[in-house]
Protein chains: 2
Amino acid sequence: MTSRADASDMPHDGETKTPDRLRRRASRLLSGLTAQSDRLVNEGLAEVDARKWHYAVLASLQEHGPGSQATLSRRTGIYRSDMVGVLNELAERDLIERTPDPDDRRRNVITITTRGRQRLRRLDQVLDDLHDELLAPLAPAERDQFVQLLTRLLDHHRHTPEPHG
Amino acid sequence: MTSRADASDMPHDGETKTPDRLRRRASRLLSGLTAQSDRLVNEGLAEVDARKWHYAVLASLQEHGPGSQATLSRRTGIYRSDMVGVLNELAERDLIERTPDPDDRRRNVITITTRGRQRLRRLDQVLDDLHDELLAPLAPAERDQFVQLLTRLLDHHRHTPEPHG
DNA sequence: CTACATCGTTAGTAGGACTAACGCAACAGG
DNA sequence: CCTGTTGCGTTAGTCCTACTAACGATGTAG
């Protein structure tokens, strides 16, 4: 409907090598898909009054044990300036406990509570469902492969931030 | 170094099924990798005084021909409210031309200039290099597979935004 | 004691996605 | 012909997230 508008100079590119580069650029595909994924996850978690950082912190505590805020920062990838707020939200909901570390009075030791563990189980269910939706078009083997490729790429770029002058 | 801190309650999860869920969640891998990818691409393009939206518009013009701003919006995924600024930047650099459409005086017809085509070739080179860096750890066949998986996922979620009441 | 690093915290920046509303033009129906 | 609806380009502004800067308090090394 939107009228005809073009058809005057078509894909007469001049360089025949790239058919539709826009749609094939991995960086574009990545940010597009991540936008969808983030939306999906954020909305799904919002429905149970949670955010993805909540999950990250709780899971990290469950799997690697208690730690200082700075430790959690490194484990989860949350900036330590943002960690404050996340931990406040979690503490309000009695999912974690913040206690001063007697061995190093700069530190707080963060511990997951029993309610926190319950909460984590719930969030894991929610996320399982959301990931089922996210990866719906892929067969199980493809999902594994996808995760594996992502992991390799991410590991590479984590350890190789930049040559940088 | 960072002290010992934990070792008191270890990964005694209670649900043996998920070893390290945090690191395996596709949504987390995606946003992590996209963050790196965006950084890489933004910095790379900034070095040649460009932004990723510039590329998107120029490539769209080259491949699908001229179009109104709204058309370009749909083709590139840029919101039409943001398109204004992008086109201003491109016009300042003489990479596109904005001419009123005589057939529909609400519209501007956007055309790529000769300098724009040169520019696009340059940006394509830059992006090729950046993608080489981005996908460095993957073999050629794996890169194709990765792009293919991403495409399938993205297509799925583009056409299935949400069931939504 | 001095110099420096790390901790938790507050504040603020920059960018991107997205919404709301405007004036204008086109179009469809009565 | 008026009338309401729709699409257009544009401006303004919101919300969120990643990220930086700096602070006082504390720890550590020389």
Side-chain angles (χ1 to χ4, degrees), chain A residues 1-5 27-28 30-43 45-46 51-54 56-57 66-91 96 98-110 161-162, chain B residues 1-3 5 27-28 30-43 45-46 50-54 56-57 67-91 96 98-110 161:
Chain A
M1 280 63 187
T2 39
S3 90
R4 47 282 177 276
S27 59
R28 272 182 67 89
L30 269 175
S31 43
L33 183 57
T34 299
Q36 300 283 0
S37 162
D38 281 353
R39 227 189 317 265
L40 194 71
V41 168
N42 286 336
E43 286 173 6
L45 288 179
R51 318 245 210 104
K52 60 178 171 177
W53 293 134
H54 295 186
V57 168
S68 70
Q69 302 190 184
T71 305
L72 287 177
S73 246
R74 294 181 215 106
R75 299 209 291 227
T76 57
I78 307 174
Y79 272 69
R80 73 188 206 285
S81 26
D82 301 327
M83 181 60 76
V84 188
V86 175
L87 292 181
N88 285 342
E89 293 176 356
L90 289 173
I96 58 130
R98 224 194 301 227
T99 52
D101 184 342
D103 294 357
D104 183 342
R105 298 199 329 263
R106 292 170 303 178
R107 289 182 177 144
N108 292 331
V109 176
I110 312 299
E162 46 182 336
Chain B
M1 282 76 188
T2 40
S3 90
S27 59
R28 271 184 67 89
L30 269 174
S31 43
L33 183 56
T34 298
Q36 301 281 2
S37 163
D38 282 353
R39 227 188 318 266
L40 194 71
V41 169
N42 287 334
E43 286 173 5
L45 288 179
R51 317 245 213 100
K52 59 179 170 176
W53 293 132
H54 295 186
V57 168
S68 71
Q69 301 190 184
T71 304
L72 287 177
S73 243
R74 294 182 214 104
R75 298 209 292 227
T76 56
I78 308 175
Y79 273 70
R80 77 187 202 285
S81 24
D82 301 327
M83 181 60 77
V84 188
V86 175
L87 292 182
N88 285 342
E89 294 176 355
L90 290 173
I96 58 134
R98 221 192 307 223
T99 52
D101 184 343
D103 294 357
D104 183 342
R105 298 196 334 258
R106 293 171 304 179
R107 286 181 179 146
N108 293 331
V109 177
I110 313 300

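Naming convention: chains lettered A, B, ... in sequence-line order (proteins, then strands); numbering from 1 in each chain. Keep in mind the model is a prediction, meaning the values are calculated, not measured.
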Exercise. Base, sugar-phosphate alone, or nothing: which one does Asn108(B) contact when heavy atoms must sit under 4.0 Å apart?
Worked result: sugar-phosphate
Exercise. Is there a side-chain contact between Lys52(B) and Asp38(B) (heavy atoms, below 4.5 Å)?
Worked result: yes
Problem set entry | First of Asn88(A) and Ala35(A) reached from the 5' end of DNA chain C, by closest nucleotide | Asn88(A)
Exercise. Hey, does the side chain of Trp53(A) come within less than 4.0 Å of dC16(D)'s phosphate (OP1/OP2), counting only N and O?
Worked result: no
For this session: May I ask you to verify if any side-chain N or O of Arg105(A) is less than 4.0 angstrom from the OP1 or OP2 atom of dG27(D)?
Result: yes
Exercise. When rounded to the nearest 0.5 angstrom, what is the spacing between CG in Leu72(A) and CE in Met83(A)?
Worked result: 5.0 Å
Exercise. Can you find a donor-acceptor pair, distance only, under 3.5 Å between Arg106(B) side chain and dG7(D) base?
Worked result: yes
Exercise. Tell me: CG of Asn42(B) to P of dA17(C), nearest whole Å?
Worked result: 10 Å
Seminar exercise, completed: Closest heavy-atom pair, Gln69(B) versus Ile110(B), reported as atoms and distance to 0.1 Å, is CG-CD1, 3.9 Å
Problem set entry | Length of the CG-C1' vector between Leu72(A) and dC7(C), whole Å | 13 Å
Problem set entry | Gap between atoms CZ and C1', on Arg107(A) and dT6(C) respectively (whole Å) | 8 Å
Seminar exercise, completed: Heavy-atom nearest nucleotide on DNA chain C taken for Asp82(B) and for Leu87(A); more 5' hit belongs to Leu87(A)
Exercise. Just to confirm, is there a sub-4.0 Å distance from OP1 or OP2 of dC8(D) to any side-chain nitrogen or oxygen of Gln69(B)?
Worked result: no
Problem set entry | Ser37(B) (side chain) donor-acceptor with Leu33(B) (main chain) under 3.5 angstrom | no
Problem set entry | Separation of dC16(D) C1' from Leu45(A) CG (nearest whole Å) | 16 Å
Exercise. Under 4.0 Å between a side-chain N/O of Tyr79(B) and OP1 or OP2 of dC18(C), yes or no?
Worked result: yes
For this session: Calculate the interatomic distance between Met83(A) atom CE and dT6(C) atom C1'; express it in whole Å.
Result: 16 Å
Seminar exercise, completed: Taken to the nearest whole Å, CZ/Arg80(B) to P/dC24(C) is 17 Å
Exercise. So does Arg98(B) get a side-chain nitrogen or oxygen closer than 4.0 Å to the phosphate oxygens (OP1/OP2) of dT10(D)?
Worked result: yes
Exercise. Below 4.5 Å, heavy atoms only, C-beta onward: do Arg28(B) and Val41(A) meet side chain to side chain?
Worked result: no
For this session: May I have the distance from Asp101(B) (atom CG) to dC8(D) (atom C1'), rounded to whole angstrom?
Result: 11 Å
Exercise. Rounded to the Å, how far apart are Arg74(B) CZ and dG7(D) C1'?
Worked result: 8 Å
